[in-house]
There are 2 protein chains.
Amino acid sequence: MATVRRPGSYVCGIDAAMDVIGGKWKVLILWALNERPCRFGELRRNLPGITEKVLASHLRELEEDGIVHREAYDEVPPRVEYSLTALGVSLNAALAPLGAWGRENILGGAYAHASARETAAPTAT
Amino acid sequence: MATVRRPGSYVCGIDAAMDVIGGKWKVLILWALNERPCRFGELRRNLPGITEKVLASHLRELEEDGIVHREAYDEVPPRVEYSLTALGVSLNAALAPLGAWGRENILGGAYAHASARETAAPTAT
DNA sequence: CCGCATCCCGGGGGATACTG
DNA sequence: CAGTATCCCCCGGGATGCGG
C-alpha cells in the first residue's frame, strides 16, 4: 500500500481519500487517535485483534501521509506518542458523515446490539 | 467480501460503512451512478481499467447491500440498468465531505494536474 | 516498552474465454 | 449486450520471534 504516491491516477477526490484510509484498521486508528494522543501499546490495546506489525505499518503509512504525528522520546523505557496532525483532524471531520451514515443504516436497527461495544470508542461520531 | 453480514463485529459506524465501500472500485461505481442510471457496458466504459468480472461482482455486492438497484428488461438485445437506491444516494451524500477532503488535500496543490480528468466524472463533490 | 524481520496464507481482483 | 466461469497472481495482513 504505497498510499498517496500515485499522482494523476485518481479520478476524483474520493478514491484519493480511499487510498489514504484504505487499510483494514486505518479508520479505527484515526478514530482512537481522534480523542487523545496515544502510545503504541495503548493504541494496540484499544484495537482488539490488531497485530503489532500491522499497527506499526499502518502508523508509518499514516505518518507518511501526514495524517499522524509521531513523537519519540529518548527515554528508558522508550516512549512514543502518536497524535493526529491538523490534516488528520480534518480527515476525521470529513469521515464523520460516513460514520453517521454507517450508524444509521447498518448499526442502527437490526444490528443495534453492536452499539454496546461502541461506547468503548472515543467520542463516537 | 461478504460485506455487511458481520453483525456485532463493528466497533463504530465508520468501519461498518468501510465494509460496504471496501471494494477497489466501489466508490467509483457509486460516483458514476450518482448522476444518472447506467447500463452495464456504459458503466464499464466509464471505469477505465475495471474488468467485467470485478464490475459484476461489485455491482452484485452493492445490490445486496441495498445501495444500487438493478432493473433487468427482458428484451433482445438484453438490457440492464443500474441506479442508486435512496440508501445509495444517502451514502453518496455521506461520502461527499471525504471527496472534498481528498480534492483539497491530495489532488489540490501538487497533484492539481489530475483535476483535468475529474471533469469527466458526474457532478464532482 | 516499542517496533522491525520473517514466514505464511487467503482472497481480492486481473486476464481470458465462453454462454444466453 | 450482459454477464458467467476459470485460472492465477499478488499483497494485505495474521503469527511468531528478535532487537534496542
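Every heavy atom of this structure was used, including side-chain atoms; hydrogens, water molecules and symmetry mates were not. Lettering follows sequence order; numbering is per chain, from 1.
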J.: Just jot down the side-chain hydrogen bond (donor to acceptor under 3.5 Å, both in side chains) partners of A/S90, sequence neighbours excluded, or say none.
T.: B/W101

J.: Take atom CE of B/M18 and atom P of C/dG12, then tell me their distance rounded to the nearest Å.
T.: 15 Å

J.: For a quick test of reading the model: is some side-chain N or O of B/H58 closer than 4.0 Å to OP1 or OP2 of C/dG12?
T.: no

J.: Whole-Å distance between C/dG12 C1' and B/L62 CG?
T.: 15 Å

J.: Which nucleotide, D/dA2, D/dT4, C/dG14, lies nearest any side-chain atom of B/K24?
T.: C/dG14

J.: What integer distance in Å separates B/R44:CZ from D/dC1:C1'?
T.: 9 Å

J.: Considering only heavy atoms from C-beta outward, does the side chain of B/L43 approach that of B/L33 to under 4.5 Å?
T.: yes

J.: Taking side-chain hydrogen bond (donor to acceptor under 3.5 Å, both in side chains) as the test, write out the residues that go with B/S57, two or more places apart.
T.: none

J.: Assuming nearest nucleotide by heavy-atom distance, tell me which of A/R70 and B/V54 is located more 5' along DNA chain C.
T.: A/R70

J.: Identify which nucleotide among C/dG13, D/dA2, D/dT4 has an atom closest to any side-chain atom of B/R60, counting heavy atoms from C-beta outward.
T.: D/dT4

J.: I want to verify a distance call: between C/dG14, C/dC4, D/dT4, whose nearest atom is closest to the A/A56 side chain?
T.: C/dC4

J.: Just to verify, what does A/P78 make a side-chain contact (heavy atoms from CB on, under 4.5 Å) with, not counting sequence neighbours?
T.: none

J.: Under the side-chain contact (heavy atoms from CB on, under 4.5 Å) rule, collect the residues that match up with A/A56, sequence neighbours excluded.
T.: A/F40, A/R60

J.: Measure CD1/B/I21 against P/C/dG12 and give the value in whole Å, please.
T.: 16 Å

J.: Roughly how many Å is it from CD in B/E61 to C1' in C/dG13, rounded to a whole number?
T.: 11 Å

J.: Would you kindly give the OH-to-P distance between B/Y82 and D/dA2, to the nearest whole Å?
T.: 8 Å

J.: Could you state the atom-to-atom distance from CG of A/L55 to C1' of C/dC1 in whole Å?
T.: 13 Å

J.: Does B/I67 reach the side chain of B/E61, with side-chain heavy atoms less than 4.5 Å apart?
T.: no

J.: Does A/R39 put a side-chain nitrogen or oxygen below 4.0 Å from OP1 or OP2 of C/dC1?
T.: no

J.: Checking B/E71 now: which residues fulfil side-chain hydrogen bond (donor to acceptor under 3.5 Å, both in side chains) with it, not counting sequence neighbours?
T.: B/H69

J.: For the helix from C/dC1-D/dG20 to C/dG20-D/dC1, what is the angle between the axes at its two ends, each from 5 pairs, rounded to 10°?
T.: 40°

J.: Of all residues at least two apart in sequence or in a different chain, which pass the side-chain contact (heavy atoms from CB on, under 4.5 Å) check with A/A72?
T.: A/R70, A/V80

J.: Per the salt bridge (charged side-chain N to carboxylate O under 4.0 Å, His left out) rule, what does the pair list look like for residues 47-57 of chain B, sequence neighbours excluded?
T.: B/R44-B/E52

J.: Which parts of nucleotides 15-20 of chain C does protein reach within less than 4.0 Å, heavy atoms only, written one letter per nucleotide 5' to 3' as B for base, S for sugar-phosphate only and - for none?
T.: B-B--B

J.: Could you give the CG-to-C1' distance, from B/L59 to C/dG12, as a whole number of Å?
T.: 16 Å

